[in-house]
Amino acid sequence: MTDISGRSPSRSALPDGPGHFGRFGGRFMPEALIAPLDEITREWEAAQADPAFRAELDRMLREYANVPSPLYEAHRFSRAVGARILLKREDLNHTGAHKIRNVIGQALLAKRIGKPRCIAETGAGQHGVASATACAYLDLDCTVYMGKVDTERQALNVARMQMLGAEVIPVTTGSATLKDAINEALRDWVTTVDTTHYLFGTAAGPHPFPTMVRELTRGIGDEARQQVLELTGRLPDAAVACVGGGSNAIGLFTAFVPDESVRLVGIEAGGDGFETGRHAATITAGEVGVLHGARSFLLQDEDGQTMESHSISAGLDYPGVGPEHAYLADIGRAQYVPATDAEAMSAFDLLCKTEGIIPAIESAHALAGAIALAREMGPDATILVNLSGRGDKDVHTAAKYFGLLDENDRAETDG
Amino acid sequence: MTVIDDLLARTRAENRAALVGYLPAGFPTVDGSIAAIAAMVEGGVDLVEVGLPYSDPVMDGPTIQAAAEAALVNGTRVDDVFRVVEASAATGAPTVVMTYWNPVERRGVDRFAADLASAGGAGLITPDLIPDEATEWERASREHGLDRIYLVSPSSTDERLAMTAEAASGFIYATAVMGVTGQRQETSSLAPELVGRLRKVTDKPVGVGLGVSNGAQAHELAAFSDAVIVGSALVRCLLDQPDEASGLRAIRDLATDLRAGVERD
């Protein structure tokens with residue numbers, strides 16, 4: 001069987017049977033959802049072992065999603081930052097981000113299990129748009145939960161999802177953002193689980209989601225590892241990705257985890273700066289706890305109430321993080337450092353000006369991390385960066401940030 | 001024998017189900033929740049569930065979400081929950097805390113258990129902790145003499161029902177429907193089947209909840225369960241009434257209606 005992702009059939013040793021990565025992960029979920037989660041685990045394992053399923057998924061990714069994405073050596077950006085920078089161009093995938101890999105895989109699994117409906121949560125709308133896309137492509141009903149605050153600041157993405165045939169439900173509870181959208185999707189799921197698959201958007205949540213999403217996104221790193229070897233004849237010195245929930249980062253890191261010479265660096269959203277308390281740097285600043293079904297790091301107060309996160313990047317604006325990242329941080333295999341809004345936007349600007357590529361603001365955090373690493377590691381270093389998404393969705397935010405809109409426009413696009 | 005075992009032995013002898021009433025601590029205020037609990041015990045509630053208000057209550061419908069959110073906005077802390085437990089236990093009704101898991105883990109499982117026990121609490125209902133993840137709670141609850149009340153669901157396999165029943169103490173909380181908390185017009189046809197499946201794997205008492213809002217529904221459930229659990233309908237009394245006095249009256253009246261309902265024919 002041809003496997004375009006170059007994935008090796010051997011599976012990672014973790015998680016254990018019940019989904020633990022060391023002391024992280026597991027299932028902290030209502031009992032009502034345990035049987036459905038067991039069903040997904042079973043069906044996912046069967047699908048993984050089924051050559052026909054894998055061939056079909058690979059075909060769809062290739063024909064429809066433009067996978068494998070190219071590796072691109074960013075010469076001018078490299079000169080500007082003082083190290084050799086290689087970009088994994090996930091921004092060139094259909095829908096403009098790595099997320100299509102996860103949603104096609106899960107939607108195909110939903111078909112296989114016989115669930116006619118998918119629900120999804122979304123923050124900025126990227127996972128919602130990807131889910132709506134996959135559901136249109138695979139003829140599934142789609143309902144997307146999105147915080148009311150986010151529907152207002154991302155009205156175009158709401159329209160996109162609706163054009164693609166999805167129903168978008170604004171969530172007004174709690175802080176009316178991503179975490180509340182997840183809560184509401186879980187409430188839907190516990191009621192409709194006979195007919196509905198929860199198309200979870202990141203490598204977090206209860207087992208088997210962190211593992212399933214890792215396996216669906218690991219093509220990023222599997223491909224990039226091979227592409228870097230072909231281009232440079234050796235492994236990169238570092239692999240860098242932004243981390244919100246952590247799907248693009250785990251997708252990049254997984255192939256490199258056994259390569260001890262490759263530094264793995266996850267860049268968290270530093271928001272206004274670590275010291276201000278207004279950030280989303282979950283591993284850097286959070287403490288161990290349980291949120292949305294798994295034990296991991298999270299931003300919480302003394303009583304264990306979830307705290308609100310802050311970032312210019314809606315895709316990183318989440319107070320939790322996937323459990324495997326918590327584990328990789330714990331064992332010291334990957335390091336996680338914050339980049340502030342200002343550092344990310346400076347890297348965003350540099351990539352636009354030197355390469356003619358407008359990155360997603362999420363991915364600009366990874367670029368900011370690469371700039372810091374270049375400074376530290378010097379000109380001989382080769383740094384692989386996951387350019388996880390394109391920045392078209394962020395043009396308003398960036399234009400506002402850089403003062404490119406006049407006052408009237410500014411009022412219209414505020415937020 | 002815990003206080004819950006004693007209660008359920010007594011209600012069985014009286015040929016009725018026990019009435020379990022839920023109210024969140026701190027809603028409308030900490031003192032207000034203490035008064036509301038006293039009113040429901042006066043009306044006939046046998047066992048009190050004190051809700052710990054949490055930022056991300058995924059098993060709760062709009063009514064309890066609204067109350068929990070208001071309690072948090074009012075500044076309710078975990079320490080306040082223990083104060084409410086103490087006042088509730090002082091009414092003579094066995095009192096448990098219903099809490100999502102993170103606040104327990106955050107305080108430290110052992111410390112939480114010790115604080116709960118010293119406030120006079122009888123146990124914990126844990127909507128997002130399954131026995132598979134409960135090693136630490138199992139140990140702490142035994143050490144502090146607290147009951148472990150786990151949820152089971154119509155979707156639970158027979159194997160999981162048996163495993164959960166084995167791990168539980170006090171009673172097993174059978175959720176009568178697939179869904180979140182909140183009132184429903186009719187009782188679920190799934191409830192008798194679920195309780196029937198439980199009876200085949202355990203002799204432990206079974207409480208049934210989710211969607212119960214009046215005496216007639218409670219009566220139906222009492223026919224085949226050991227305890228009937230009511231939450232949202234009681235919270236609704238506080239949300240709907242214009243002032244505290246009428247809210248308390250509504251709670252007392254509803255509890256009285258429910259209490260009559262749990263008598264068996």
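Note on naming: letters A, B, ... go to the chains in the order of the sequence lines (proteins, then strands), and numbering restarts at 1 for each one.
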Among [options], residue most engaged with chain A (heavy-atom pairs, under 4.5 Å):
{"options": "B:Asp60, B:Val104, B:Val73, B:Leu52", "result": "B:Asp60"}
{"options": "B:Ala134, B:Ser156, B:Gly179", "result": "B:Gly179"}
{"options": "B:Glu69, B:Arg77, B:Arg107", "result": "B:Arg77"}
{"options": "B:Thr126, B:Val58, B:Asp56", "result": "B:Asp56"}

Below 4.5 Å from any heavy atom of chain B, which atoms of [X] appear? Answer side chain, backbone, both or neither.
{"X": "A:Gln300", "result": "both"}
{"X": "A:Arg27", "result": "both"}
{"X": "A:Asp301", "result": "backbone"}
{"X": "A:Ile182", "result": "neither"}

[X], part contacting chain A, at a heavy-atom distance under 4.5 Å:
{"X": "B:Thr175", "value": "neither"}
{"X": "B:Asp79", "value": "neither"}
{"X": "B:Pro103", "value": "both"}
{"X": "B:Asp132", "value": "neither"}
{"X": "B:Pro131", "value": "neither"}

- Query: Relative to chain B, which of A:Ala35, A:Ala32, A:Gly26 shows the most heavy atom pairs under 4.5 Å?
  - Reply: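 Between A:Ala35, A:Ala32, A:Gly26, the count favours A:Ala32.
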- For A:Lys148, look at atom NZ and say whether over 12 heavy atoms of other residues, nucleotides or ligands are found less than 6.0 Å away.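 No, the 6.0 Å shell around NZ holds no more than 12 heavy atoms from other groups.
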- Query: For atom CD of B:Glu138, is the number of surrounding heavy atoms from other residues, nucleotides or ligands below 6.0 Å larger than 12?
  - Reply: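 Above 12, so yes.
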- Do B:Asp128 and B:Tyr54 have side-chain atoms, one donor and one acceptor, less than 3.5 Å apart?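 There is no such pair (donor and acceptor under 3.5 Å, judged by atom type) between the side chains of B:Asp128 and B:Tyr54.
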- Is the closest side-chain donor-acceptor distance between A:Gln106 and A:Tyr198 under 3.5 Å? no
- Task: For B:Asp226 and B:Arg199, run salt bridge (Lys or Arg N to Asp or Glu O under 4.0 Å): C-alpha distance rounded to whole Å, both residues' side-chain angles, the deciding distance at 0.1 Å, then the answer.
- Result: CA-CA 11 Å; B:Asp226 302 290; B:Arg199 299 291 190 205; 2.8 Å; yes
- Message: Let's go through B:Glu133 and A:His20 carefully: what are the C-alpha distance in whole Å and the side-chain angles of both, what is the deciding distance for side-chain hydrogen bond (donor to acceptor under 3.5 Å, both in side chains) to 0.1 Å, and is it a yes or a no?
- Response: CA-CA 10 Å; B:Glu133 298 283 356; A:His20 299 105; 3.0 Å; yes
- Which of these, A:Asn102, A:Thr41, A:Thr202, A:Ile40, sits in a side chain to side chain contact (heavy atoms under 4.5 Å, CB included) with A:Phe209?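 Of A:Asn102, A:Thr41, A:Thr202, A:Ile40, side chain to side chain contact (heavy atoms under 4.5 Å, CB included) with A:Phe209 is met by A:Ile40 alone.
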- Item | Ring center gap for A:Phe24 and A:Phe297 short of 6.0 angstrom |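 So the answer is yes for these two rings.
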- Heavy-atom side-chain proximity of A:His310 to A:Leu316 below 4.5 angstrom: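 Result no, sub-4.5 Å side-chain heavy-atom pair not found.
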